[in-house]
Amino acid sequence: MSDETPKVNANPEESMRLARDVFTPALQHACKTAREQGGQEIDIINAILNSHASLMIQLLGHGPAAGLMKAHVEHVERALEKQDAASPQ
C-alpha cells in the first residue's frame, strides 16, 4: 500500500456541514463525558487522536491513512509558520 494522501474529490461544503452538524457535537459530548469521568485534558486529546487514527486506518488502510495524517501535519505546520510570520518580533 502507498502512504500517499488518497486522491479523492471531497465536497468541501458537505465536509464542513458534516463536521459542524454531526462530528463536532458528538466530539463535544464525548469530551464532556470524559471530563465527567475524571479524564485529564491531555488524555482526552490523546484519546480523540487515537480514535481518529483508528477510524482512518479502518476506512482507508494503513498507507493512505498515514499519507492523510502527514498532510494534516503539513497543513498545521504551514498555519503555524504563517502565524509566526504575522506576529511582531
Side-chain angles (χ1 to χ4, degrees):
M1 258 189 228
S2 169
D3 67 351
E4 294 180 18
T5 304
K7 305 291 189 248
V8 296
N9 294 319
N11 178 332
E13 292 82 17
E14 180 65 3
S15 296
M16 289 303 297
R17 184 192 70 76
L18 290 169
R20 181 189 64 239
D21 297 345
V22 178
F23 290 96
T24 298
L27 283 170
Q28 289 170 338
H29 178 74
C31 288
K32 180 181 177 205
T33 301
R35 281 191 298 275
E36 289 169 351
Q37 292 181 8
Q40 300 299 309
E41 190 89 2
I42 191 64
D43 295 321
I44 294 169
I45 295 299
N46 279 328
I48 291 169
L49 293 172
N50 288 338
S51 297
H52 177 253
S54 293
L55 183 58
M56 287 183 16
I57 291 167
Q58 182 182 19
L59 293 173
L60 303 172
H62 284 86
L68 191 54
M69 285 186 262
K70 287 176 186 175
H72 284 145
V73 168
E74 292 167 0
H75 172 76
V76 171
E77 288 173 340
R78 283 191 303 272
L80 179 60
E81 288 169 2
K82 286 180 184 177
Q83 179 183 343
D84 288 347
S87 63
Q89 300 296 324

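Because the structure is predicted, anything quoted here is derived from the model rather than measured.
In terms of the side chain to side chain contact (heavy atoms under 4.5 Å, CB included) criterion, residue partners of Leu55 (sequence neighbours excluded) are, by chain and number, Gln58, Leu59. The salt bridge (charged side-chain N to carboxylate O under 4.0 Å, His left out) search around Glu36 returns Lys32, not counting sequence neighbours. Thr33 pairs by the side chain to side chain contact (heavy atoms under 4.5 Å, CB included) definition with His29, Gln37, not counting sequence neighbours. Taking the side chain to side chain contact (heavy atoms under 4.5 Å, CB included) definition, one finds that Ile42 meets it with Asn46, sequence neighbours left out. Glu14 is linked by a salt bridge (charged side-chain N to carboxylate O under 4.0 Å, His left out) to Arg17, counting only residues two or more places apart in sequence or in another chain.
Cluster partners of Ile48, by chain and number: Leu27, Ile44. The rule joins Ile, Leu, Val, Met, Phe, Trp and Tyr whenever side-chain heavy atoms lie under 4.5 Å apart. Residue Val22 belongs to a hydrophobic cluster whose other members are Leu18, Phe23, with links defined by side-chain heavy atoms closer than 4.5 Å. Here Ile57 is tied to no hydrophobic group at all, with no ILVMFWY side chain closer than 4.5 Å.
Within the structure, salt bridge (Lys or Arg N to Asp or Glu O under 4.0 Å) contacts touching residues 71-82 (residues at least two apart or in different chains) do not occur.
Residue Pro25 comes nearest to Ala19 through the heavy atom pair CD-O, 4.0 Å, listed as atom of the first residue, atom of the second, then distance.
Atom CG of Leu49 is separated from atom CE of Met69 by 10.0 Å, given to the nearest 0.5 angstrom. The CZ atom of Arg35 sits 11.5 Å away from atom CD of Gln40, with the distance rounded to the nearest 0.5 Å. Expressed to the nearest 0.5 Å, how far SG of Cys31 lies from CD of Glu41 amounts to 8.0 Å.
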